[in-house]
Structure formats: structure tokens, C-alpha cells
Amino acid sequence: SLVQNVGSGEVLASRLLTGADARYLAVISQQLGVNIHAFSERQGLIAPRNSRYTELERSHNELILTELDFASLPDEEPILKVMMVDEPEILAQAVSRLPAEVYQNYTVVQSTPYFLEFLHPQSNKGSGVAALAEHLALPAEAIICVGDAGNDAHMIAYAGLGVAMGNATDEIKAMADFVTHSNEDDGVAHVIERFILERRLSYRLCHEKGHLAVAFLALLFDDFDVTEAKAQELIIAVIFHRVLVPAQCCYLFFHRQVLP
């Protein structure tokens, strides 16, 4: 995988396969009777032939396909990922017959019923997001990741808030912290509104109404759904029960960037 600043061209993280890996997986694909294609860093989309699902990949992403025999790839050819692609029932049979060593040597994820992806063993969406978060000096707790398929599992597990789309697989829904609407019902927009925009709005309302103590508690306890009635209750609790606030929490209050 490759994590890159598309503006500057700076590479933040790079864990790639090689031409030797592509040749090895091509031999296995022939043994299993499934089609294959790959993404070369230098040549783009490459495949021995333009099968139905290679054409789907090409046309959907508006790519140029280079047809070539994988046996001709040099060892040092940088490969982002290799994919076995075929009809769902054919690919499912192939998955059940994959040699155990393949799972030991590669990250293997299924993004759709007709796409099976092979990546560098230390490469997945989770490690990619982690590399970006490290570059931006953000903790995992500050990250929201949204996904719908097996190739999203690593980043959903990594994120402070892992979200499954309403149309996600059962496996992804089971591991997620929250299930949003489907892609047909603006699921990602719902996540942004609920967990980012609404929380910032609630903080602003507390602050604008003079409820600084409640705005503080909202930040401290991540409770941003604060109504005016609840604000009054919490202020009374602060006054009459003499809630003590540690110095490190005061630091969080004054330095945590909640508003844009």
C-alpha cells in the first residue's frame, strides 16, 4: 500500500509487493482457475487478459489497462496489490482452496464477492490510516473510519470510532462501534452530522448561553448532547456538590481544539 500527499508527492508510508509476488500469485490463480490483475506503481492496472471484472475495475476507475504475462514481470517491479477476480461462486471456491502459506505471507482481504485482494503482510487500511494519523499527530481516539467490507476491517478496528455502513457485511457490522445508514441513504453524511457537526453545535450553544461550566463538562466527558435544562442541572451539581476538576483536565479544556 502507499500513503502519499497527492499535492506535494511526499510518500508517508510505503509497503509494496514485488513482481516476484505477482508471478507467484498468478501461478496460484491458474491452479485455482480464476482471473487475476494487479496494480503496478509504474504501469498502473496490469492483467494477463481483460476479464469481465478487470474491465469493471478499469471502467469504474477510468484506468488504462496494460495486458501482459505476469511471468515477464521483473523481481523488482513495485506492485501495490494483486487481485483475484471472478464470478462470486467461482471466487468463493478459490478462497476455500488457497494454500495456508498465502495467508502467512500476505494480507488477504475480500472487498466484494468478486474481488479478493493480496497486499504486503504489513499493509492494510488500518496501517495506512495509522501512518496518516502519525503524520498529523493525531491519536487513534480522534479518528473515525467508515467501511462496508472485509478490506475495511483493519481500519475500523484501529479507529477510535469504527463505523459500519448500513449496507456493510454482517462481519463488519458486528465489529463496528456504530452502524450508520446505507450508502443509498447518505450514511457517511449522517456520521459527520452526528459525531462532528452536532457535537460542535451543542458546545457552541452551551458557550453562547453562558453555560461555560457545562461546556467544560461536555468537553471533559464527551457529552455534547446538552439541553438547556440539563445545563441547569449540571451547573447546580457543580455549585452544590463542589465538583473538583484536576489540573490535567483544565489543561484539556483550554487546549483541546473542538471548534474549527
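What's counted below: heavy atoms across the whole structure, side chains too, no hydrogens, waters or symmetry copies. All residue numbers in this chain count up from 1 along the given sequence.
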Hey, could you give me the [atom1]/[atom2] distance between [X] and [Y], rounded to the nearest 0.5 Å?
X	Y	atom1	atom2	answer
E57	N50	CD	CG	11.0 Å
L16	K81	CG	NZ	12.5 Å
Y114	E87	OH	CD	10.5 Å
I79	S40	CD1	OG	4.5 Å

Under a single-linkage definition using a 4.5 Å side-chain heavy-atom cutoff for Ile, Leu, Val, Met, Phe, Trp and Tyr, are [X] and [Y] assigned to the same hydrophobic cluster?
X	Y	value
L65	F39	yes
V179	V188	no
L63	M83	yes
L25	V109	no
V163	I192	yes

Using the rule given for side chain to side chain contact (heavy atoms under 4.5 Å, CB included), can you reason through F118 versus T107, listing the C-alpha separation, both sets of side-chain angles and the distance that settles it, and then say yes or no?
CA-CA 6 Å; F118 300 84; T107 295; over 6 Å; no
T54 vs I36, side chain to side chain contact (heavy atoms under 4.5 Å, CB included): CA-CA, chis, key distance, verdict
CA-CA 8 Å; T54 295; I36 193 170; over 6 Å; no
May I ask you to test the [X]-[Y] pair for a side-chain heavy-atom distance under 4.5 Å?
X	Y	result
K173	T169	no
L17	Y106	yes
L116	D86	no
Q110	E117	no
H120	L80	no

Salt bridge D75-R23, side-chain N to carboxylate O under 4.0 Å
yes
Ionic contact status for R52 with E55, cut-off 4.0 Å:
no
So, for F70 and A22, which heavy atoms are closest and what is the spacing to 0.1 Å?
CD2-O, 3.7 Å
Taking every heavy atom of V85 against every heavy atom of S51, the minimum-distance pair comes out as CG2-OG, 3.9 Å
Steps toward side chain to side chain contact (heavy atoms under 4.5 Å, CB included) verdict (V11, V3):
CA-CA 6 Å; V11 175; V3 181; over 6 Å; no
Write out all pairs satisfying salt bridge (charged side-chain N to carboxylate O under 4.0 Å, His left out) with one or both partners inside residues 34-46, taking only residues at least two apart or from two chains.
R42-E77
What residues form a ring pair (Phe, Tyr, Trp, His ring centres under 6.0 Å) with F115, not counting sequence neighbours?
none
Where at least one partner belongs to residues 165-186, residue pairs that pass ring pair (Phe, Tyr, Trp, His ring centres under 6.0 Å), sequence neighbours excluded
F178-F195, H181-H190
Do Y24 and E101 pass the side-chain hydrogen bond (donor to acceptor under 3.5 Å, both in side chains) test, and can you show the C-alpha distance, the side-chain angles, and the key distance before you say yes or no?
CA-CA 12 Å; Y24 166 74; E101 65 182 30; 2.4 Å; yes
Should we count CG of N61 as having more than 12 external heavy atoms under 6.0 Å?
yes
Is atom CG of L136 surrounded by more than 12 heavy atoms (other residues, nucleotides or ligands) closer than 6.0 Å?
yes
Distance only, no hydrogens: is a donor on one side chain within 3.5 Å (strictly under) of an acceptor on the other, for [X] and [Y]?
X	Y	answer
T66	Q43	no
D21	T18	yes
R49	N35	yes

Donor-acceptor pair, distance only, cut-off 3.5 Å: does the side chain of N5 make one with the backbone of G7?
yes
Between the side chain of S182 and the main-chain N/O of G166, is any donor-acceptor distance below 3.5 Å?
no
Side chain to side chain contact (heavy atoms under 4.5 Å, CB included) between L12 and Q4: does it pass, once the steps are laid out?
CA-CA 5 Å; L12 306 181; Q4 185 175 28; over 6 Å; no
Please report, to 0.1 Å, the donor-acceptor pairs under 3.5 Å made by any side chain of residues 88-96, with sequence neighbours excluded.
unit_1	atom_1	unit_2	atom_2	d
S96	OG	Q93	O	2.6

Can you give me every donor-acceptor pair (side chain of residues 137-154, partner residue at least two apart or in another chain, under 3.5 Å) with its distance?
unit_1	atom_1	unit_2	atom_2	d
D152	OD1	K125	NZ	2.7
D152	OD2	D148	N	2.8
D152	OD2	A149	N	3.1

Using distance only, find each side-chain donor-acceptor pair of residues 127-135 under 3.5 Å and give its atom names and separation, not counting sequence neighbours.
unit_1	atom_1	unit_2	atom_2	d
S127	OG	Q122	O	3.4
S127	OG	N124	N	3.0
S127	OG	N124	O	2.9

